[in-house]
Amino acid sequence: MDSRTQLTSSPFPVAETVCPVLKNDWVNDLYKHLIVEAPHGAAHSEPGQFFHLLCPTIGDKAPFYRRPMSIYRIDKAQGRLEFLYKIVGTGTATLAQLEAGETLNILGPLGRRFDFAKRARHIVQVARGVGLATLAPVAEAAGKLGIRTTAVLSARTPRHLMSVEYLRSMNAEVITVTDSEGTSDVAAVERIVRRLIEKEGGDFLVTCGSNRLLQLVQRLGREYGIAGEVALEQHMGCGNGMCFACVREFHAPEGGITYRRVCWEGPVFDIQEAVSW
Amino acid sequence: MDSRTQLTSSPFPVAETVCPVLKNDWVNDLYKHLIVEAPHGAAHSEPGQFFHLLCPTIGDKAPFYRRPMSIYRIDKAQGRLEFLYKIVGTGTATLAQLEAGETLNILGPLGRRFDFAKRARHIVQVARGVGLATLAPVAEAAGKLGIRTTAVLSARTPRHLMSVEYLRSMNAEVITVTDSEGTSDVAAVERIVRRLIEKEGGDFLVTCGSNRLLQLVQRLGREYGIAGEVALEQHMGCGNGMCFACVREFHAPEGGITYRRVCWEGPVFDIQEAVSW
Amino acid sequence: MVDMRVRIGSIELKNPVMPGSGTMGEGLAHVMDLNRIGAIVTKTITPDKREGCPPPRMVEYRDGSLMAIGIPCKGPDYYIDEILPHYREYGTPVVCSVSAPSVEAFGNLAAKLSVPGVSVIEANISCPNLEEDGRAFGMDAEASARVIRRLKEMTDRPVWAKLTPNITDIAAVAQAVEAAGADAITCANAMLGMAVDVESFQPALGNITGGMTGPCMRPVILRMAWQVARAVKIPIIGSGGMASANDALEYLMVGCSAVQIGTVNFIHPTAMLDVIEGIEAFCRRKGIARVSELTGAMRSRKEYREQQAA
Amino acid sequence: MVDMRVRIGSIELKNPVMPGSGTMGEGLAHVMDLNRIGAIVTKTITPDKREGCPPPRMVEYRDGSLMAIGIPCKGPDYYIDEILPHYREYGTPVVCSVSAPSVEAFGNLAAKLSVPGVSVIEANISCPNLEEDGRAFGMDAEASARVIRRLKEMTDRPVWAKLTPNITDIAAVAQAVEAAGADAITCANAMLGMAVDVESFQPALGNITGGMTGPCMRPVILRMAWQVARAVKIPIIGSGGMASANDALEYLMVGCSAVQIGTVNFIHPTAMLDVIEGIEAFCRRKGIARVSELTGAMRSRKEYREQQAA
Ligand SMILES: Cc1cc2nc3c(=O)[nH]c(=O)nc-3n(C[C@H](O)[C@H](O)[C@H](O)COP(=O)(O)OP(=O)(O)OC[C@H]3O[C@@H](n4cnc5c(N)ncnc54)[C@H](O)[C@@H]3O)c2cc1C
Ligand SMILES: Cc1cc2nc3c(=O)[nH]c(=O)nc-3n(C[C@H](O)[C@H](O)[C@H](O)COP(=O)(O)OP(=O)(O)OC[C@H]3O[C@@H](n4cnc5c(N)ncnc54)[C@H](O)[C@@H]3O)c2cc1C
Ligand SMILES: Cc1cc2nc3c(=O)[nH]c(=O)nc-3n(C[C@H](O)[C@H](O)[C@H](O)COP(=O)(O)O)c2cc1C
Ligand SMILES: Cc1cc2nc3c(=O)[nH]c(=O)nc-3n(C[C@H](O)[C@H](O)[C@H](O)COP(=O)(O)O)c2cc1C
Ligand code: FES
Ligand code: FES
């Protein structure tokens, strides 16, 4: 382990690196925002990819495998990576205990990025929960290519909306809907997305974080003949295509159902091939 | 585990209790001095007994079983227990990381106490290393019974001598010998112990912490026909007589060699039955 | 109120939680009330006196340990005169574990130990330290059956057969001991393991091999309990790697009627009480009236989905 | 300089460390240089196409995990056309793991896969997920021998027999495959385990049972490697629970010539490099010139004491 705790860089695109934690603060009652110094990771990462985090062992909490987290923000200039994560169980609980000045062992970047560069002029994002983290870097990357982004962000309450400021600072338009305000039901989101497609030239749909919203976006995609992608989750072992633990069901292009690895063929998949759950 | 972290007392003599740490400081470069609030433990403990400490798990350091530690001081008045321990491996390393205000799960008191009450008028202690911790409470308990104690303390350097002040405050006479001063070889200690027996009425020998000193004390005990006891160590599972992991060889009274459990028949044994190693 | 009683053949236990043989001792009575557990299971007794394995006797791992204790034993008379009296005062049935080097000796020992105060004979046909390479009666279905048949002839107490997990087909041994008349099956003893002290190029244990136990073995032994449960009709007592009520619930759900807690008693001597309370709390929360309903309550994933959808 | 080369029958490896089948993939080449390891061992190939087990496929424990992957496979042609090319570019021998439902199919598959770029055929006669209750060829010495004999007829590549640990007498299977002509033995595959999700009363794995692997299994598999080493003369490749150089040294000292690292690759993809460096450092520190001297270097405790005293 000694050699490992000194890892800082690697000649390989994917690397296990030990990164200083710069920040690990609450953004609301459920989520924390983690910033690590990771020049290697920041240099190689693309939107939609994830890192596999070695959450520390503390007392009874001993996460054996790493935990996958989407990159929330890639700061290539400063060599930093940011994550936005919800505390749900063992690993995220110990991750939440990390303090600035401590280190975190990360493996990545891993997985397939969003592929909108040549296909989109106006990306419509539909995100909820953890999906807000996953979709955030799309706006920044799209902006650099002159692609417009509108993000429809859904959450339980306004307090649980995240990344609104960040997305706006990247020139994305942001539409927020929440359960507490009664604006987040599928029908309401459907009206918004239809308008974006019909009136605003929305031509590429990305979604993450909600099964109901995935079903909606699949339906609208089919109806309008618009391409799109979804970022999916599954419990992972290696995160690197080796163990086949992270498979989910997909519609095979040749018909029927097939298993694919979320970490390797994904986590970003064609929206119509995804099987909703 | 939740119920366990609230344990504070028990109607049973031996108990698993979760104790606030009051102090856990270095006494020299090798040893730390730990004080915990433990009313139940302090009320039931006797010199020579030990506690089985649940050293915390931190990262790669995951001590599975508890770690046995002699009681260095029993403070019945304030309901406190003190330990003096050397950092040698996994468990003591994580124990050393505990800070005042945190808690420690302890199990005890366990094992057989020193049995000098009806047998001694002048106890001669010969201690080295960890033995300094184990023998310390003997002086206080002996003093209360009007039994005189002389402690011959051996260490590598004067800096590694511990409990000198404490023993003197208990009215024990203290003779120190160290390797660095060239005063600690077996012949020198032998001269001291012979004098204490021949000139000062030394009539009960206790030792702990050194094989060479055990052999010396056994030899002198036999020669002068003086009784004595030794506190021994062995790797432990349960610490409570149940697993039989902690056996050592002993001279059986009926002749031959037998195994006995250090945690149950000991850790204090008749000095002549102990097999030196 | 949850009815925590379970029936193991002809005897009833006040709850399904007891220690594994060799993992409790008089010391436990200094820490807790032995009236609260389902049964008292004593360390295996052999016909002869033995000192057990030479030290070192243990190696510790992150989630379990390797112990090579052997069966230190002072013989059946000492058991009857000195050990049993400690436990007779409790209203908890005593399960007396026995082991012997031959079928004949097994039977004689059980007969001798069928004294007042002993409610059950558990046949340790599985102890991995006794024979060369850990081979034991329990590794052969026919030899196992012979031991059980003899025990049934020699004692009127219920006989539990404690199987070894160091085996290809545990269900076959289970069926053999069932056919031989065993009243219940304890599944299972420790898996044989070893460790090397690489610094000294020596085996880490005095006995070279030892029994691997503790939480890390639970998935393997649980699978065996499930295989046994599908193969026999007599009650099964699970034994392997339980540290919490959840762990015990796994064993009950795959088909066990009771459970034995072993290694974790060494770390938390009152762990059995936590397990009992935890099982009871689970039943309350799920609206289960009798703990015995949990036995074999595992449903297949498909069934479950259909049921949820219904 | 320590000579790190080891010889496994007719082939020489630059060092004794390689991945276990099914625990590496192309992804590893994105993290490290595959020229540095002793061999590349590819995931088991079956004659037919398979999707593998239904999810959930894993349960995590404190010191290991239970995985029920099955053998997702796109068949031998896909292997030759799509997988092998990724590995051919390295100067590291490729060990191709194969499995099949019959002796005949085993032989045909090995013949088909004996293409340039494949240096060794490893026969996975031990995979616990293929047959009902995890039963496999490897659970029967005679069936194991038949597979190996057939493979030896059908391929000119060295054949390694990868044994199952779910067995009473692993030494007997080792002797049977040695007699059948195996060039080496891999000891061993995963132990069969299971888990229950007690909240839902369901098996935690889609396949109900899965393979338990990771550090917690090391003592049990190490013991088997030692038993095998005492029973056969062909080289042994240890496989089970190694996470560090120390762990690998245990396997070498009980008699293995090389080791396979599995589960820990998932957590630290460069773990094999640490193991290689650690073994080399150990040899340097102990003044050992050739890593092959470590094979079987364990002495009995008594011997050791005598030697120390001398
Ligand atoms: C590609 C990818 C990107 C992700 N990005 C984010 C993100 O940006 N922010 C965020 O908050 N969460 C994200 N998640 C979900 C996150 O990985 C889980 O919340 C986390 O693994 C839970 O770990 P735990 O130990 O706290 O939970 P536990 O429930 O204790 O974990 C038990 C096991 O289940 C797995 N697990 C539990 N929930 C999930 C889940 N939803 N997805 C995958 N595995 C799970 C754990 O990894 C672990 O193996 C992402 C998941 C994937 C697959
Ligand atoms: C009755 C008794 C009283 C003791 N009192 C004291 C005391 O007052 N102060 C003190 O500093 N030490 C004392 N010791 C020794 C102390 O228990 C060990 O130093 C400690 O267990 C080492 O644990 P570790 O995890 O740091 O070492 P590691 O080497 O990592 O431990 C590995 C295993 O070896 C065991 N072990 C290692 N050394 C010893 C040892 N000397 N005795 C018993 N087990 C050992 C550990 O408990 C553990 O099981 C006492 C031992 C016994 C038996
Ligand atoms: C130190 C020790 C001693 C044991 N002695 C015996 C014994 O004498 N007879 C027996 O049948 N089982 C014995 N066992 C096995 C336990 O009863 C139990 O079956 C096993 O430890 C698995 O449970 P666990 O993982 O909860 O420990 C012993 C186990 C340990 C750890
Ligand atoms: C996810 C996973 C997949 C595996 N797939 C295979 C396989 O296809 N063929 C095989 O022979 N062994 C397979 N194994 C077994 C490993 O090669 C190895 O023998 C085992 O995991 C023990 O080593 P470990 O404890 O280091 O993981 C697999 C193991 C794991 C964890
Ligand atoms: S997590 Fe291992 S293949 Fe995806
Ligand atoms: S440590 Fe268990 S009997 Fe002594």
Side-chain angles (χ1 to χ4, degrees), chain C residues 54 59 61-64 66 133-135 139-140 164 166-169 171 191-198 200-206 208-210 212 214-224 226-227 230 245-246 249-254 282 286 297-301 303-305 308, chain D residues 54 59 61-64 66 133-135 139-140 164 166-169 171 191-198 200-206 208-210 212 214-224 226-227 230 245-246 249-254 282 286 297-301 303-305 308:
Chain C
V59 182
Y61 295 91
R62 202 175 173 80
D63 201 26
L66 200 50
D133 267 20
R135 221 167 221 286
M139 290 186 176
D140 178 45
T164 175
N166 299 295
I167 189 157
T168 312
D169 187 354
M191 287 218 73
L192 205 59
M194 78 176 285
V196 180
D197 173 13
V198 300
S200 69
F201 295 78
Q202 289 181 107
L205 294 172
I208 306 184
T209 60
M212 186 75 191
C216 66
M217 296 310 299
R218 192 172 73 254
V220 173
I221 309 295
L222 180 71
R223 176 265 300 176
M224 295 190 183
W226 174 70
Q227 291 176 319
R230 297 195 305 168
N246 244 51
L249 288 166
E250 287 194 272
Y251 275 92
L252 297 176
M253 288 184 188
V254 301
F282 179 88
K286 296 282 190 184
M298 185 178 84
R299 288 167 260 177
S300 81
R301 292 188 68 88
E303 247 178 73
Y304 181 72
R305 272 201 207 123
Q308 291 289 88
Chain D
V59 182
Y61 294 92
R62 200 174 174 80
D63 201 25
L66 200 50
D133 267 20
R135 222 168 219 284
M139 290 185 176
D140 178 45
T164 174
N166 299 295
I167 189 158
T168 312
D169 188 354
M191 286 218 73
L192 204 59
M194 77 177 284
V196 181
D197 173 12
V198 300
S200 70
F201 294 79
Q202 288 182 107
L205 294 173
I208 305 184
T209 61
M212 185 75 191
C216 66
M217 295 312 296
R218 192 173 73 255
V220 173
I221 308 296
L222 180 70
R223 178 264 301 175
M224 294 190 183
W226 175 70
Q227 290 177 321
R230 296 194 307 167
N246 245 50
L249 289 166
E250 287 194 273
Y251 275 91
L252 298 176
M253 289 185 188
V254 301
F282 179 87
K286 296 282 190 184
M298 185 178 83
R299 289 165 260 177
S300 81
R301 292 187 68 88
E303 249 177 71
Y304 181 71
R305 274 199 205 124
Q308 292 289 87

State the [atom1]-[atom2] distance between [X] and [Y], to the nearest 0.5 angstrom.
{"X": "D/Arg223", "Y": "C/Ile208", "atom1": "CZ", "atom2": "CD1", "result": "13.0 Å"}
{"X": "C/Met191", "Y": "D/Met191", "atom1": "CE", "atom2": "CE", "result": "4.0 Å"}
{"X": "D/Met224", "Y": "C/Asn166", "atom1": "CE", "atom2": "CG", "result": "7.0 Å"}

Portion of [X] that has a non-hydrogen atom of chain C nearer than 4.5 angstrom:
{"X": "D/Val59", "answer": "neither"}
{"X": "D/Leu222", "answer": "both"}
{"X": "D/Tyr251", "answer": "neither"}

Distance-minimising heavy-atom pair for C/Arg299 and D/Pro203: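 Shortest heavy-atom separation between C/Arg299 and D/Pro203 comes out as O-CD, 3.0 Å.
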Closest approach of C/Met253 to D/Val198 (non-hydrogen atoms, all atoms of both residues):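 Residues C/Met253 and D/Val198, closest heavy atoms: CE-O, 3.4 Å.
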Side chain to side chain donor-acceptor pair (under 3.5 Å) against D/Asp63, all qualifying residues, sequence neighbours excluded: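 Listed in chain order: nothing, the list is empty.
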Those residues that, when tested against C/Arg218, pass side chain to side chain donor-acceptor pair (under 3.5 Å) (two or more places apart):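 Testing C/Arg218 for side chain to side chain donor-acceptor pair (under 3.5 Å), a comparison that skips the adjacent residues, returns C/Asp247, C/Glu250.
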Candidate pair D/Trp226 and C/Val196, rule side chain to side chain contact (heavy atoms under 4.5 Å, CB included), full reasoning: CA-CA 11 Å; D/Trp226 175 70; C/Val196 180; over 6 Å; no
Audit row: D/Val220, C/Met217, side chain to side chain contact (heavy atoms under 4.5 Å, CB included) steps and yes/no: CA-CA 10 Å; D/Val220 173; C/Met217 296 310 299; 4.2 Å; yes
Top contributor to chain C contacts, counting heavy-atom pairs under 4.5 Å, from D/Gly193, D/Pro219, D/Gly214: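 Most heavy-atom pairs under 4.5 Å with chain C: D/Pro219.
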Portion of C/Leu249 that has a non-hydrogen atom of chain D nearer than 4.5 angstrom: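 Both parts, backbone and side chain.
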